[in-house]
Amino acid sequence: MSTEDDRDPLFRYDDPIFADERLLEITHLPGPDRIVGRDEQMQRVADALNPAIFGSEPAHLFIFGKTGTGKSLISRSITQRVISEGKRDGITIKYAFIDCGEQNTEAAIVKTIAQIVNEPDRSGVTIPDRGLGTGDYYKRLWQSVDHCTDVTIIILDEIDMLEDDEVLRKLSRAGENRRISSSSIGIIGISNKIDFPDHLSERVKSSLSRDELVFPPYDANQLVDILEKRRDAFHEGVLTDDVIPLTSALAAQEHGDARKAIDILRNAGRLAKKQNDAQVTEAHVRSAKEKTEADRFSELIEGSPQQAKAILYALTLLTENSSSEEFPTKIIYNQYKQVARRLDLEPLSERRVQEILQEQNFLNVIQSEREGRGRGRGAHAKHRLLENPEIVKKVLLRDSRLSVLEDTSE
Ligand SMILES: Nc1ncnc2c1ncn2[C@@H]1O[C@H](COP(=O)(O)OP(=O)(O)O)[C@@H](O)[C@H]1O
Ligand SMILES: [Mg+2]
C-alpha cells in the first residue's frame with residue numbers, strides 16, 4: 001500500500017468536486033435503479049427480447065427517437081438483463097453493440113460481430129483482422145454464432161449510417177436461410193431518424209419483419225430526476241441548489257436531451273474544479289452549456305476537410321451579417337470564393353460546393369431545402385445553419401489552418 005508520503009508530489013490525489021466522475025461519462029451504463037421515466041419502453045424492449053431467455057429467436061426491433069432520449073442506454077440495459085436471466089437457465093446469450101457511424105461497411109460489421117462472439121476453442125475458427133473476403137467473414141460468423149452462443153443479440157446503433165443495408169437482410173434471415181442451425185439472432189436497430197425505414201431498400205424493407213418503438217424527449221422534470229440519481233457523482237454539498245434545475249431547464253430547451261443534461265453537469269463540475277472553486281454554481285452551468293454545445297458541434301465537423309470548413313465559414317459569415325437565415329447556393333458560393341482566397345485555397349467549382357453542402361446537410365450541420373419541386377436537386381437549394389453562428393465560428397477557428405481568418409473578420 002502506498003502512504004501519503006511516498007506519493008509523487010507532481011499529481012493531485014484528492015478531488016474536491018467529484019466523488020465518482022465516471023457516473024457522468026456517456027458510456028457509463030447506470031443500474032436499473034438510476035433509470036428514470038422509461039418503464040414502458042423498457043417493457044417493450046424486454047418483450048421483444050424475451051424469447052432469448054428460453055434460447056428462442058427474439059423479435060427484431062427498431063427504436064427511433066432524438067439524441068439523448070435513452071435509446072442506446074435502454075437497449076444495452078435490457079440486453080444485459082436478458083443475458084443474466086438466460087445464464088440462470090444455462091442459456092448462452094451474447095451481444096454485439098455496433099456503432100454504424102464508425103463501422104458502416106458490411107465486411108467491417110460482420111467481422112466485428114464475429115470477433116465479439118467467437119471463442120476459437122469452441123468454434124474451431126479464428127477471425128483475422130484482415131485478409132478475408134466478406135463472404136468468408138460471414139461463414140465464420142455463422143460458425144461462431146452456432147458454436148459459441150444460443151442467442152446473439154446485435155445492436156446496430158445509428159443504423160441510418162449503414163453504407164449498405166444488405167447486412168441487415170442477411171443477419172435477420174440467417175435462421176430462416178439455415179446459415180445457422182442451433183442458435184438464433186435478434187437485431188435491435190437504433191436511429192435518430194424516424195423516417196429511416198423509408199430509406200431501406202425494397203428488398204430489406206419487405207423481408208425484415210420487426211417491431212418499432214419511439215422514444216419521446218424528456219421533459220424538464222424527468223431530466224431533474226435523471227440528474228438527481230447521479231448526484232452522488234459529486235461530493236456532498238458541492239452542488240448548489242439551483243444547479244440541477246437550471247441544467248435540466250437548459251437541456252430541455254431544444255428537446256429534452258439527457259445526454260446534453262449530463263454533459264453540462266459534468267462540464268460544470270470540471271469548470272469549478274479547474275477554477276479551484278469549492279462549489280458548482282449557476283455561473284459554472286451557464287459556461288458549461290456553451291462549452292458542451294461547442295464540443296458537440298466540433299465533434300460533428302472535426303474531421304471535415306478544409307474546403308468543407310471554408311464553405312461552412314462562408315455560410316456563417318452570411319448568417320451573421322444578414323437578417324435572413326437561408327441562403328441560395330449561388331450566394332454561398334460567392335462568399336466562399338472570398339474565404340478560399342484568404343486561405344490561399346484553390347476554389348472548388350460551384351457544382352462541387354453544391355455537393356459538399358448536401359453532405360454537410362447529411363451531417364445535420366446545416367439544413368438544405370430544395371426550392372420548387374422535382375428536378376435539379378440542389379441547383380436551386382437554399383441552405384440554413386442549424387447552430388448558433390457564434391459557436392460555429394469559434395469551433396471553425398480552432399482549426400489552425402483557418403485561424404488566419406480571425407483577425408480581419410471581426
Ligand atoms: N431514462 C434515463 N435515465 C437515466 N439516464 C438516462 C436516461 N436516458 C438517457 N440517460 C443518460 O443520458 C445519456 C444519453 O443517453 P443515450 O441512451 O445515449 O441516448 P440516445 O442513444 O437516445 O442518444 C446517457 O449517459 C444515458 O445514461
Ligand atoms: Mg445513442
Take R88 and E85 through the test side-chain contact (heavy atoms from CB on, under 4.5 Å) and record every step on the way to the result.
CA-CA 5 Å; R88 282 198 218 224; E85 282 309 306; 3.1 Å; yes

For the student: nearest non-hydrogen atoms of S72 and I190, plus distance
CA-CD1, 4.1 Å

Any donor-acceptor pair under 3.5 Å linking the side-chain atoms of S181 with those of D146?
yes

Check whether any side-chain N or O of R169 sits under 3.5 Å from a backbone N or O of V204 as a donor-acceptor pair, and report yes or no.
no

Donor + acceptor pair across side chains of Q43, D47 (<3.5 Å)
yes

For F215, what residues pass the ring-ring contact (aromatic ring centres under 6.0 Å, His included) criterion, not counting sequence neighbours?
none

Can you check whether I127's main-chain N or O pairs, donor with acceptor, with R140's side chain at less than 3.5 Å?
no

Donor + acceptor pair across side chains of T329, Q354 (<3.5 Å):
yes

Mind checking side chain to side chain contact (heavy atoms under 4.5 Å, CB included) for H255 and listing every partner two or more places apart, or none if nothing turns up?
K66, T67, P217, D257

Say whether Y333 and R352, considering side chains only, have a donor N or O and an acceptor N or O under 3.5 Å apart.
no

For F196, enumerate each residue passing the ring-ring contact (aromatic ring centres under 6.0 Å, His included) test, keeping only those at least two apart in sequence or located in another chain.
F62

Test item: Q307 side-chain N/O and A340 main-chain N/O as donor-acceptor pair under 3.5 Å
no

Those residues that, when tested against A59, pass side chain to side chain contact (heavy atoms under 4.5 Å, CB included) (two or more places apart)
A48, D211

Keeping the roles fixed (side chain from N177, backbone from R179), state whether a donor-acceptor pair exists under 3.5 Å.
no

Give a yes or no answer on whether the side chain of R270 reaches the backbone of A288 with a donor-acceptor pair at less than 3.5 Å.
no

List for me each residue that meets ring-ring contact (aromatic ring centres under 6.0 Å, His included) alongside Y137, sequence neighbours excluded, and say none if there are none.
none

Test salt bridge (charged side-chain N to carboxylate O under 4.0 Å, His left out) applied to E212 - qualifying residues, sequence neighbours left out:
R210

Under the 3.5 angstrom rule, does the side chain of H235 hit a backbone N or O of D15 as a donor-acceptor pair?
yes

Between D14 and P16, is there a donor-acceptor pair closer than 3.5 Å when you use the side chain of the first and the backbone of the second?
no

